[in-house]
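Some notes on the structure that comes next.
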Amino acid sequence: MPSEKYYITTAIPYATQKPHIGNCYDHVAADMLARWKRMQGYDVWFLAGIDEHGEKVETKAAQEGITPQQFADRITAGMQSVLRSVDVQYDQFIRTTDDYHEAAVAAAFQKLYDQGDIYKSEYEGNYCTPCESFWTPSQLVDGKCPDCGRPVALAKEEAYFLRQSKYQAWLEQYYAEHPDFIVPISRKNEMLNTFIKPGLQDLCVTRSTITWGVPVPFDPKHVVYVWIDALSNYATAVGFNAAENSDQYRKYWPADLHVIGKDICRFHVITWPILLHALGEPQPKRVFAHPWLLFGQDKMSKSRGNVIYADELAELIGGDAVRYYMLVEMPLAVDGSITREAVLERCNSDLANILGNLVNRTLAMTNKYFGGVIPAPGAPAALELGLQALALETVERTATALEECRIADAIETILALAKRLNKYIDETLPWALAKDESKREYLGTVLYHLLEGIRYLAALFAPSMPATAESILRQLQPTRDAAQTLREIWPTLGVFGGLPSGEKVTETPTPLFARIDTEKVLQANE
RNA sequence: CGCGGGGUAGAGCAGUUGGCAGCUCGUCGGGCUCAUAACCCGGAGGUCGUGGGUUCAAGUCCCUCCCCCGCAACCA
């Protein structure tokens, strides 16, 4: 397993506005999975990026009197800053305006055209002449242009199409042979029923109404539209080029996991596999199409004024708490929900009360009863053996859940270990044991099991809450380098008892999470 | 009859192959005092959307209907 590669990607959002917290779920989820794999010893490559091409970027830039690139630069910087606020550490950040990407897109387009997978035809649709835009029936508002409200007319435009229909049988067979390709399974059924079984249509892959994009190499009045341009980023980022692939590409491709939102599932499980197949490249192992984070019951959107931004929330409660909330509240298949009240409640109950307080009270007792020295455990009784088994089981269950992208389940599983440790304190009453000199060895056993249990918590929570995990380890083993300990911690989780006795814990335990006065904070935020 | 997902305690949610209805928050009561008024235990609170059916047994399988939410083809 060590040195085995693991390539994970996020979708690349459209560079039109600052991403809200729902837009960041891709990145937080992928970052968590990437960290988990790194901890297990995989050679991980984590790609994030942004799509800077397209009509909206061009239009918005024109409105501001700046170039599309200047506009995109600003959006990209903003997005990267938001990702930093929640500690997302990607290995690479691709922009569709990067030279190597544009070159590879052009080469791929040429190859597909040369072999007949792309052909020239006419695109017919509802056209708004003043806005110079085509609109789909579902985009129209009362049958009129959603931008200017004026009537639209049927119009034709020369365009290039991807021959998706040719690959329908192949795609259906691919799904059948790779049952784990799409997570969750309900999405696959949706795709099959909605798009594939009724007959796969060819896809329009160029536009001639815009110029901000990759020009079609042999017909430069057309530019490559979003699908081929944006989708191919996953491959071009690591060095795919129809002319010549790089060593890095040969090492990392195919991707092990594409993390995307459900809204773009279709393109990732239909168009993307067909593109790769047509180009003769291997398929990604899995596509995880996650649901959405709703504001309460509603879709988050700027026009509704119910947008929450990750960086602003992190300012208030810390990046780890934001990550925790996002990860634990997002179910696998149905939409999750976020409100400020719910976030603060989770912070207080799960993080401050259950986890933070457990660490704090255990360290305090270690100082009080053993002068801060981690005691050597005596022979474990049934209670302790049960605890040891639970710790090991928690590692297993977490691993299984994450293998299936059940992130919230994984986190709940880990939190259950923290709850069990809190209960263990009440079962053993260390303060009572401390009053009886004959119980001293058992008191040491109890504290050792608590401290070692906390070490498991630090390790298991490290992917979701990296800063918190380091903080726990700095308090547990203040003479050691926490980051280093985490890098080497995975093999030590196989047998309970990896925490060395005799070392001192910190003399000054610091709460991991401050309890938040919910009402005050909410009022201040009104 | 377009497709899909939902409807389980005041709120938010779990409920594998059908086997006494659970979790978190809130609420009420108790315990403890190591700890961040935190932690632990217990109570109250549910006709598991509706109406049928299969079964010794259904939230869980089958059928009817009602309500909510997505998607519906070029909509990042």
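The analysis underlying the following values was restricted to heavy atoms, covering all of them including side chains, and did not include hydrogens, waters or symmetry mates. In what follows, chains carry the letters A, B, and so on, assigned in the order in which the sequence lines appear, proteins first and then strands, with residues in each chain numbered from 1.
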Next on the checklist: How many whole angstroms separate atom CD1 of A/I338 from atom C1' of B/rA11?
Outcome noted: 17 Å
Item to check | Residue A/I354, side-chain atoms from C-beta onward, closest of B/rC39, B/rU33, B/rG70 | outcome: B/rC39
Checklist entry - B/rG70 C1' sits how many Å from A/D263 CG, rounded? => result 11 Å
Item to check | A/Q201 side-chain proximity, nearest of B/rC25, B/rC40, B/rA73 | outcome: B/rA73
Checklist entry - Is there a Watson-Crick or G-U wobble partner for B/rU55 with both distances under 3.5 Å, and which nucleotide is it? => result none
Checklist outcome for this item: Separation between CG (A/L421) and CG (A/L358), nearest 0.5 Å, reads 5.5 Å
Item to check | A/D426 side chain, from C-beta outward: closest of B/rG12, B/rA73, B/rG31 | outcome: B/rG31
Item to check | Length of the line joining A/D517:CG and B/rA38:C1', which is rounded to integer Å | outcome: 15 Å
Checklist entry - Just how far, in rounded Å, is P of B/rA14 from CZ of A/R397? => result 18 Å
Checklist entry - So what does A/P430 hit on the nucleic acid, given a heavy-atom distance under 4.0 Å: a base, only sugar-phosphate, or nothing? => result nothing
Item to check | OP1 or OP2 of B/rC39 under 4.0 Å from side-chain N/O of A/N353 | outcome: yes
Checklist entry - Given the C1' atoms of B/rC65 and B/rC28, what is the spacing between them in whole Å? => result 40 Å
Next on the checklist: I want to verify a distance call: between B/rA73, B/rA76, B/rA35, whose nearest atom is closest to the A/A230 side chain?
Outcome noted: B/rA76
Item to check | Pairwise C1' distance, B/rG51 and B/rG7 [rounded to whole Å] | outcome: 16 Å
Next on the checklist: So, does A/Y424 get its side chain near the phosphate of B/rC39, meaning an N or O under 4.0 Å from OP1 or OP2?
Outcome noted: no
Next on the checklist: Students often get this wrong, so: under 4.0 angstrom with heavy atoms, is A/N348 touching a base, only sugar-phosphate, or nothing?
Outcome noted: nothing
Checklist outcome for this item: Comparing nearest nucleotides in RNA chain B, the 5'-proximal residue of the pair A/K435, A/K423 is A/K435
Item to check | Position toward the 5' end of RNA chain B (nearest nucleotide), A/A364 or A/R420 | outcome: A/A364
Item to check | Rounded distance in Å between the C1' positions of B/rC71 and B/rC56 | outcome: 43 Å
Checklist entry - Would you call A/E427 and A/R420 a salt bridge, taking side-chain N to carboxylate O under 4.0 Å as the test? => result yes
Item to check | Gap in Å between the two P atoms, one belonging to B/rU8 and one to B/rC68, rounded | outcome: 15 Å
Checklist entry - Choosing from B/rG12, B/rA76, B/rC34, which nucleotide comes nearest the side chain of A/M365? => result B/rC34
Item to check | A/H268 ring center near A/F181 ring center (under 6.0 Å) | outcome: no
Checklist entry - Which whole number of Å gives the distance between the P atom of B/rC25 and that of B/rC20? => result 25 Å
Item to check | Atom pair distance, as rounded to whole Å: OH in A/Y167 and C1' in B/rA73 | outcome: 20 Å
Checklist entry - Contact class for A/W292 (heavy atom, under 4.0 Å): base, sugar-phosphate, or nothing? => result nothing
Checklist entry - Does A/K419 make a side-chain N or O approach to OP1 or OP2 of B/rC23 shorter than 4.0 Å? => result no
Checklist entry - Under the salt bridge (charged side-chain N to carboxylate O under 4.0 Å, His left out) criterion, do A/D51 and A/K56 qualify, and how do the steps go? => result CA-CA 11 Å; A/D51 181 5; A/K56 271 190 190 159; over 6 Å; no
Next on the checklist: Nearest whole Å is fine: how far is B/rU36 P from A/I425 CD1?
Outcome noted: 13 Å
Checklist entry - With both distances kept under 3.5 Å, what pairs with B/rU47, Watson-Crick or G-U wobble? => result none
Next on the checklist: Using a distance-only criterion (donor-acceptor N/O pair, under 3.5 Å, no hydrogens), is the base of B/rA35 paired with the side chain of A/N357?
Outcome noted: yes
Checklist entry - Does a side-chain N-to-carboxylate-O contact under 4.0 Å join A/K188 and A/D180? => result no
Checklist entry - Are A/R207 and A/E55 close enough for a salt bridge, meaning some N to O gap below 4.0 Å? => result no
Next on the checklist: Please name the nucleotide paired to B/rC3 by Watson-Crick or G-U wobble geometry with both distances under 3.5 Å, or report none.
Outcome noted: B/rG70
Checklist outcome for this item: Taking a pair to mean Watson-Crick or G-U wobble geometry with both distances below 3.5 Å, B/rG22 pairs with B/rC13
Next on the checklist: Would you say that A/H53 contacts A/E102 through its side chain, given a criterion of any heavy-atom pair below 4.5 Å between the two side chains?
Outcome noted: yes
Item to check | P gap between B/rC63 and B/rG6, integer Å | outcome: 16 Å
Checklist entry - For A/R515 and B/rC39, what is the distance between atoms CZ and P respectively, to the nearest whole Å? => result 8 Å
Next on the checklist: Categorize A/L512 for me: base, sugar-phosphate, or nothing, with a 4.0 angstrom heavy-atom threshold over every strand shown.
Outcome noted: base
Checklist entry - Counting only side-chain N and O atoms of A/R266, is one of them less than 4.0 Å from OP1 or OP2 of B/rA73? => result no
Checklist entry - When the C1' atoms of B/rG18 and B/rC3 are considered, how many whole Å apart are they? => result 28 Å
Item to check | Separation of A/I274 CD1 from A/L112 CG (nearest 0.5 Å) | outcome: 11.5 Å
Item to check | P-based separation of B/rC67 from B/rC23 [nearest Å] | outcome: 34 Å
Item to check | Separation of B/rC74 P from A/R207 CZ (nearest whole Å) | outcome: 9 Å
Item to check | Side chain of A/Y225 (C-beta onward), nearest among B/rC40, B/rA35, B/rC74 | outcome: B/rC74
Next on the checklist: Taking any heavy-atom pair under 4.0 Å as a contact, classify A/L363: base, sugar-phosphate, or nothing.
Outcome noted: nothing
Checklist entry - A/N360 side chain: which of B/rC34, B/rU36, B/rA73 is closest? => result B/rU36
